[in-house]
Visitor: 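Structure below; questions to follow.
Only heavy atoms go into these numbers, but all of them, side chains included; no hydrogens, no water, no symmetry mates. What you are looking at is a predicted structure, and each value in this text was computed from that prediction instead of being measured.
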Amino acid sequence: MAAEGNVPKIFPSSHKTVVILDHSPFMSEPCGQTVDFDILPKQSRAAPGIIPLAPLAKSLWTCTVEAASEYARVVYDVYPPRSRDKLLKFVITDTEARPLNSWVEEEQSLSNVLQGLAVVGPPSESDDAENCSVMHGLAMAVESLCEGSEKQLEHKASLADPEEPVVNKGRVVCITTVKSQGHIQMLEECMQEAIVQHNKIAEAADKLPITHCELVLIHTVPVGADNNIQDEPNKEVSSLLSCEVHSVHSGRHIAAKLALLVQKHFHLTSTTITGIPMKEEQNASTSANYDVEILHSKDAHIEILKMGSTSQGYDSSGFACSKDSFGRETVILKWCTPKTNIIELHYCTGAYRITPADVNSRPSSCLTNFLLNGRAVMLEQPRKSGSKVISHMLASHGGEIFLHCLGTGRSPLEDPPSISEGTGGRVTDYRITDYGDFMKENRLMPFPVPQEGHILPAKEATAVLERTTRYWPLVISDTIIFNMASHIDPLPTLITKTELTEDEVVECQKSIYHLVGMESRSEPLPIPAMGTRGKGPKRDEQYRQMWAELDTLLRAHASTSVNHQKVLECLQEIRRPAEEAKESSRKAGKKEEVVVKEERVMTEQSTAELAWQEIQRYKAMSERERSDFEVGNTNNDHFRHRQQTEVSSPPIKKLKTSLEDSQGKQQGGPPSLLAIWTSRINSKYASRHCEFAGRLTAEGNKAELYVNLNKDSTNGTSDKPTSVKQEKRGP
């Protein structure tokens, strides 16, 4: 106990709650909501001689007492008095304030509160309304909060320093009818002044001063009456007091409001169990499905509520949820048909007491009796998509019903899971050995309280983790440099330090030079075969990936210090000439390829152009010239000679200017029809053609016509016909 005294224990506002009920004459008015008391069926009411009973109307006091009693029932069911965690105290106020119970465990029960309410009785209309004020109740509520509970007194007695204050918080729920907004401000000021005065008295009377108090004002009026008071959210009146206002009609509306507030005040939530099979009272052979709403601690749905809620009846994770007309949310769990015995062992992560939201309904009573008889019910989550998941179980222990949270994942009692069942799925080549070494290097040890000016060990450890994980691949197949530690050490270890000495910079540079030597000798890199299919990347590609990864590692730590930057600059200077040479060779190879391609294109263009010219010449021939050309007349040999001369001459390089230039031979494919036809014609006249005799004897393979034309005119007259005849001599 002495050790616990050094740790301050904070009692939340829900530890002590004072409920103030206004007992003024105004509360005796009807609530405006009638109850049909006639139990006869409608057919019997229509019979002659039967006078139907008039409907009943509850008073505002009756509706307030029922709602407050239900508020207390939920608290006492979920948090039993023996736990002494959540305490309630009821105060009746009219001309004076009267408490119905105290903070002791023996008086913390619903039956004790109901007995006190029965003694008080309903308010009387004959009471003096002017002397009735809710301020009497507020003053007694503040006085009650200054009284320590049993747990608070035990904690105060265990403190090493008796003068050490105990954090004392509380909540006051006041159900009344206010007249105006100014009336609310007057009540806030009254509450603030009462807290200040009682704190002064508490210090002298050995009581607990109030650290903070929450005032919840519930303004209620009959159903259908004008309500000019607006709801106000929680606001800070001072450092000691906060206030919120709820304006609600009486009847079922005030009951729903208090049911919503009890969930908010005591960290509760709602769950609706659907699909419960129950037999009908009228016909026992048939059964119908019913729904039962239960209340319990929010921790039972911490995994579901953590994901938030969305519209269309499902939350963001696909779990079913709904909201009623009063704004209460409920998580839907479905009754699972295969029921199990309570003695069976299930992997359970938590158990929380429950209480029915409507304790008097027949479905709630049937479910409660079913569970108290020793049966257990499995509950599943009706998800929007995917398979159903059994996540909860209802079972009773010692006469109390608990909602058990079942583990939906793997139990720690089972065998450890395979690494392939983790987040990565089928990924199995994790760096498990390296991760084990990483954990050993970053273990935390107990450390004495550091002196002023020194860095806290926790902050220093966080900084070390940040530096070492700037680049840390998880999978073996994602890294090269961490798989060749014998070739690159000690660079990966030194680069994560906060500072590098000159000798350490030299060691890092030696590691880089060693990798350069390996690349120059074309040594293979030690890359593991797992994680890759086939032969894997080529050696040049492996070195390229290795240099890129090393550059990423050094860049991640370059900003640590100046010497870290020097290591990165060393790598960049070494890799710059190699990158420039590769870039220049790549550009030269591309340029040479372009030149060769252009020459091939121009050659094909010239050949196609010559073939096209021969076709044009053939079309321009006369009929006799074509016949001589077909039979291979030697007079047409000049076509062949001209073609051979023009083809043998180097082609003129020029770009395509028209579609006709591209006709001839297809580029990079089989010869075109024109090329085949031209080759066939050339071979035909080459085999049949006889050369002209005059051209054979003439110089330069050119025969001169009319050689005697320029001679003396005396000889020309007699020789001319002979020359012409000789010229036309044929074979």
Visitor: Using salt bridge (charged side-chain N to carboxylate O under 4.0 Å, His left out) as the criterion, list what pairs up with Lys86, not counting sequence neighbours.
Guide: none
Visitor: For a quick check under 3.5 Å, do Glu244 and His246 share a side-chain donor-acceptor pair by atom type?
Guide: yes
Visitor: How close do Leu371 and Val377 get, counting heavy atoms only, and between which atoms?
Guide: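 Closest pair (atom of Leu371, atom of Val377, distance): CD2-CG2, 3.8 Å.
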Visitor: Tell me, do Phe370 and Ile276 make a side-chain contact under 4.5 Å, heavy atoms counted?
Guide: no
Visitor: Answer yes or no: is there a side-chain heavy-atom contact under 4.5 Å between Asp94 and Pro123?
Guide: no
Visitor: Could you pull out the closest heavy-atom pair between Glu154 and Arg84, with the gap in Å?
Guide: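 Answer, listing the atom of Glu154 first, then Arg84: OE2-NH1, 3.2 Å.
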Visitor: For Leu153 and Trp103, what are the C-alpha separation, side-chain angles and deciding distance, and is it a side-chain contact (heavy atoms from CB on, under 4.5 Å)?
Guide: CA-CA 11 Å; Leu153 296 178; Trp103 300 124; over 6 Å; no
Visitor: Quick check on side-chain contact (heavy atoms from CB on, under 4.5 Å): which of Glu147, Met140, Glu107, Lys16 does Lys89 satisfy it with?
Guide: Glu147
Visitor: For His23 and Gly121, work out which heavy atoms get closest and say how close.
Guide: NE2-O, 2.8 Å
Visitor: Quick one: does Cys405's side chain get under 4.5 Å of Tyr352's, heavy atoms only?
Guide: yes
Visitor: Is there a side-chain contact (heavy atoms from CB on, under 4.5 Å) between Leu261 and Ile218 once you walk through the steps?
Guide: CA-CA 11 Å; Leu261 288 178; Ile218 301 177; 3.7 Å; yes
Visitor: Roughly how far, to the nearest 0.5 Å, is the CG atom of Leu333 from the CD1 atom of Ile294?
Guide: 7.5 Å
Visitor: Return yes if a side-chain donor-acceptor contact under 3.5 Å exists between His267 and Ser14, otherwise no.
Guide: no
Visitor: Answer whether the closest heavy-atom distance between the side chains of Leu394 and Ile354 falls below 4.5 Å.
Guide: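 In short, these two side chains touch, coming nearer than 4.5 Å.
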Visitor: Does Leu406 reach the side chain of Met378, with side-chain heavy atoms less than 4.5 Å apart?
Guide: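 Side chain of Leu406 against side chain of Met378, heavy atoms only: contact under 4.5 Å found.
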Visitor: Are there more than 12 heavy atoms of other residues, nucleotides or ligands under 6.0 Å from atom NZ of Lys156?
Guide: yes
Visitor: Does the plane of the ring in His301 sit parallel, tilted or perpendicular to the ring in His296? Use 30° and 60° as the thresholds.
Guide: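 Judged by the thresholds at 30° and 60°, the geometry between His301 and His296 is perpendicular.
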Visitor: Minimum heavy-atom separation for His183 to Thr177, with atom names?
Guide: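 Reported closest heavy-atom pair: CE1-O, 4.4 Å.
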Visitor: What is the minimum heavy-atom distance between Ser133 and Thr93, and which atoms define it?
Guide: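 Shortest heavy-atom contact: O-OG1, 2.9 Å.
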Visitor: Identify whether the distance between the nearest side-chain nitrogen and carboxylate oxygen of Glu400 and Arg82 falls below 4.0 Å.
Guide: yes
Visitor: Determine the sole option in Asp22, Leu21, Val19, Val119 for which the side-chain contact (heavy atoms from CB on, under 4.5 Å) test with Ile92 is passed.
Guide: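 With Ile92 as partner, Asp22, Leu21, Val19, Val119 yield a single side-chain contact (heavy atoms from CB on, under 4.5 Å), made by Leu21.
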Visitor: Give me the atom names and distance for the closest heavy-atom approach of Val221 to Leu60.
Guide: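 Closest approach of Val221 to Leu60: C-CD2, 4.2 Å.
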